[in-house]
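Worksheet for the structure shown next.
Proteins come first, then strands; the chains are lettered A, B, ... in the order of their sequence lines, and each starts at number 1. Excluded from the calculations below are hydrogen atoms, water molecules and symmetry mates; all remaining heavy atoms, backbone and side chain alike, are included. What you are looking at is a predicted structure, and each value in this text was computed from that prediction instead of being measured.
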There are 2 protein chains.
Amino acid sequence: MKDYDPSRYPAVAVTVDLVVLTIRDDELCVLLVRRGEAPFKGQWALPGGFIQPAEDLDEAAARELHEETGLSPQDVYVEQLATYGAPRRDPRMRVVSVAYLALAPDLPAPQSGSDAADARWTPVASLLGRNRRLAFDHELILNDGLERARSKIEYTSLAAAFCSAEFTVAELRRVYEIVWGITIDARNFHRKATKTIGFLEPTGMTTTRDGGRPAQLYRRGSAELLSPPLVRPADHAHQTNDQPGA
Amino acid sequence: MKDYDPSRYPAVAVTVDLVVLTIRDDELCVLLVRRGEAPFKGQWALPGGFIQPAEDLDEAAARELHEETGLSPQDVYVEQLATYGAPRRDPRMRVVSVAYLALAPDLPAPQSGSDAADARWTPVASLLGRNRRLAFDHELILNDGLERARSKIEYTSLAAAFCSAEFTVAELRRVYEIVWGITIDARNFHRKATKTIGFLEPTGMTTTRDGGRPAQLYRRGSAELLSPPLVRPADHAHQTNDQPGA
DNA sequence: GCAAAAGTGTTCTTCGTACACCCATGG
DNA sequence: CCATGGGTGTACGAAGAACACTTTTGC
């Protein structure tokens, strides 16, 4: 960052794009918006927008998230994912996009969308062999976000971000099963989750909403990191760019 | 990314900054350059510079790395770290900086520096209680890079990126000991490292450069991910933003 | 031979997995 | 009283930690 000569450098626009994940009807879903203008008019894209002069990147992500979903940051886990800046990723001009990953519980209203014309929760499984691709390089960003989420619930307590404020051990286990696409022994999971200190905080209440014997209700505990982690079988490598934390 | 009205959005400059780490004389060191102009004139900063019109972010990082160290990307591991864009992090104008983490073996020439006036390998330990702070928010970026590196060598084979092309198990163990700041049982480490398939590739050669009985020389294996990982004791949380991979 | 580092074997304990079994509710 | 899911006990085997011990060099 030496001599800055504006004539040598083109105008660069900086945007934030959001990979907002939730679990609906036992499926992992991502929030997509339909583009109203060119380029990629009519195609689905990740929600996002330009950063504003006075806001930090995290603030821009929180603002966009609120505009698209009506959610405030305390209800949702948000972390920076990665930044994408290939020269021609947007045909109009040079756009560098800072992507964020957000994990939300199943939302009462699908999306309020004070802003976006058409926003929708889309099961990620339905995007795999799809004809209609996502706009820009959003498919790449989405895949990076998915891998980050899959890897991060191993060693952090983030899986609880997919659950509502009070949840049962079985509901938490369903999160792992859906995000990882595997089945987990309910009894061993129960033992491990309840014995990991700081992971689950008992409320003293019970529920029978899942049928059968009443289950204890828990809140998210204070622990950020799980040690030992909850490891998934070593079939797919966890390969992304997030270290634990952020 | 709806209506783009340039008048509503200020000019934004995008830079890449590099956290280049190596091990010299049994210390973890970072490459710093001394700033020749205001702001922060005379202070130490991470190397970096503006992105150019036709290059992707990764290319910009590789170019800056080559300019500062003379190293080409195949000698060094490089991955994107995170992006920093607080409104006034650079007093001159709005600058969004995409930070990269690079891990290099101990370099024959400290730095060639065809470009930077004054570049130096600085032990990170010497930066802790230091009076002279780093320029901009580079201390924050450096800390994020350090935590990423510490966490990433647990579950990837990246520790070998700190070693020269051919290395012994003991030299690899020293990397872990230095980066994590702990001591590791040499015998158990040897067993674990040599039995992790894809981690080490035997060359058939031996060396006595570390004294004692001759040691086998190995090359970096093909494995990116280590399973099971080499876990450090659970004192400090590994908290960053890198998932394995990248 | 002695120091120093490489490398192997063994023991102990901890932890994950599999699964038998009991508990508490709704219908 | 039976189906359903919640929750506990236990046995087996794999893997990590600690450390005794052997190997191969330089001096």
Side-chain angles (χ1 to χ4, degrees), chain A residues 26 153-155 159-160 163 166-178 180 182-197 199-219 225-235 238, chain B residues 26 153-155 160 163 166-178 180 182-219 223 225-235:
Chain A
D26 283 350
I153 64 175
E154 283 192 37
Y155 48 86
C163 298
E166 303 197 340
F167 55 91
T168 67
V169 176
E171 287 161 2
L172 184 63
R173 175 170 50 84
R174 289 295 293 151
V175 170
Y176 282 92
E177 292 183 331
I178 291 165
W180 286 346
I182 60 173
T183 60
I184 298 172
D185 184 284
R187 298 149 313 185
N188 291 333
F189 180 87
H190 183 276
R191 202 187 338 252
K192 189 152 184 174
T194 51
K195 288 205 175 147
T196 300
I197 55 173
F199 192 14
L200 302 178
E201 185 181 300
T203 66
M205 313 296 286
T206 61
T207 182
T208 58
R209 63 190 176 210
D210 298 332
R213 169 175 165 180
Q216 295 290 319
L217 278 171
Y218 295 90
R219 268 188 289 270
L225 279 281
L226 301 182
S227 48
L230 277 154
V231 269
R232 48 180 164 163
D235 22 279
H238 56 333
Chain B
D26 283 351
I153 64 173
E154 282 191 37
Y155 49 85
C163 298
E166 303 198 339
F167 55 90
T168 67
V169 176
E171 288 161 0
L172 184 64
R173 175 170 49 84
R174 290 293 294 151
V175 170
Y176 282 93
E177 292 183 329
I178 290 165
W180 285 346
I182 61 174
T183 60
I184 298 173
D185 184 283
R187 297 148 315 184
N188 290 334
F189 181 87
H190 183 278
R191 201 186 338 252
K192 189 152 183 175
T194 51
K195 288 207 175 145
T196 301
I197 54 171
F199 192 13
L200 301 178
E201 185 181 298
T203 65
M205 313 296 286
T206 61
T207 182
T208 58
R209 64 188 176 210
D210 298 332
R213 169 175 167 181
Q216 296 290 319
L217 277 171
Y218 295 91
R219 266 188 289 271
L225 279 282
L226 301 182
S227 49
L230 278 154
V231 269
R232 50 180 163 162
D235 20 278

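- When each of C:dA6, C:dC23, D:dT25 is scored by its nearest atom to the side-chain atoms of B:T208, the top-ranked nucleotide is D:dT25.
- Residue B:F189 contributes atom CZ, which lies 18 Å from atom C1' of D:dC19 at whole-angstrom precision.
- For A:P214, the side-chain atoms get nearest to C:dT25 when compared with the rest of C:dT25, D:dT24, C:dA6.
- Candidate nucleotides C:dC19, C:dA6, C:dT8 were compared by shortest atom distance to the side chain of B:R187, and C:dT8 ranks first.
- Residue A:N188 places a side-chain atom within donor-acceptor reach of the base of C:dA18, judged by atom type and a 3.5 Å distance cut-off alone.
- For the pair B:A186 and A:R213, nearest-nucleotide mapping onto DNA chain C gives the more 5' position to B:A186.
- To the nearest angstrom, C1' of C:dA6 lies 14 Å from CG of B:L200.
- If you check distances only, the side chain of A:R209 never reaches the base of D:dG5 with a donor-acceptor pair under 3.5 Å.
- The CD1 atom of B:I197 sits 12 Å away from the P atom of D:dA15 (whole-angstrom rounding).
- Set against C:dA6, C:dG7, D:dG6, the side chain of A:A215 has D:dG6 as its closest nucleotide.
- Between B:L172 atom CG and C:dG7 atom C1' the separation is 16 Å, expressed in whole Å.
- Remark: side-chain polar atoms of B:T168 are paired, donor with acceptor, to backbone N or O of B:E171 under 3.5 angstrom.
- In this structure, B:I178 and B:D26 approach most closely via the heavy-atom pair CD1-CA, 3.5 Å.
- One cannot find a donor-acceptor pair under 3.5 Å joining the base of D:dG16 and the side-chain atoms of B:R191.
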Assess whether salt bridge (charged side-chain N to carboxylate O under 4.0 Å, His left out) is satisfied between B:R174 and B:E177, documenting all intermediate values. CA-CA 5 Å; B:R174 290 293 294 151; B:E177 292 183 329; 3.0 Å; yes
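- In this entry the distance linking CG of A:D185 with P of D:dT8 reads 14 Å, nearest Å.
- Taking the six-membered ring for Trp and the full ring otherwise, B:F199 and B:Y218 have centroids separated by 6.0 Å or more.
- Here A:H190 reaches the OP1 or OP2 of D:dG7: one of its side-chain N or O atoms lies under 4.0 Å away.
- Atom CG in A:D210 sits roughly 18 Å away from atom P in C:dA24 (whole-Å rounding).
- Here the closest heavy-atom approach between residue B:P229 and residue B:K192 is recorded as O-NZ, 3.2 Å.
- A:F167 places its CZ atom 18 Å from the C1' atom of D:dG5, with the value rounded to the nearest Å.
- The NZ atom of A:K192 sits 20 Å away from the C1' atom of D:dG6 (whole-angstrom rounding).
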